[in-house]
Amino acid sequence: MSEKIYKTMKHTGGFSIAMGIVMIVVANVVGICSIINGAVLLKRKSDITF
């Protein structure tokens with residue numbers, strides 16, 4: 001019975017690590033995209049009229 005618990009904990013731990021890595025990658029991509037979009041807006045600041 002306790003062997004089942006350890007297997008479940010092992011799978012849950014592996015899944016948590018995988019999700020953490022995915023979240024780090026996604027956060028980096030979103031950050032880079034935000035920086036690029038901000039730079040484009042600053043570059044074209046003179047073209048914007050209200």
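For the single chain, residues carry numbers from 1 onward in sequence order.
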Within this structure, what is the OG1-NZ distance for the pair Thr12 and Lys7, rounded to the nearest 0.5 Å? 13.5 Å
Between Tyr6 and Lys10, is there a side-chain heavy-atom distance shorter than 4.5 Å? no
Less than 4.5 Å apart, any side-chain heavy atom of Val22 and any of Val26? yes
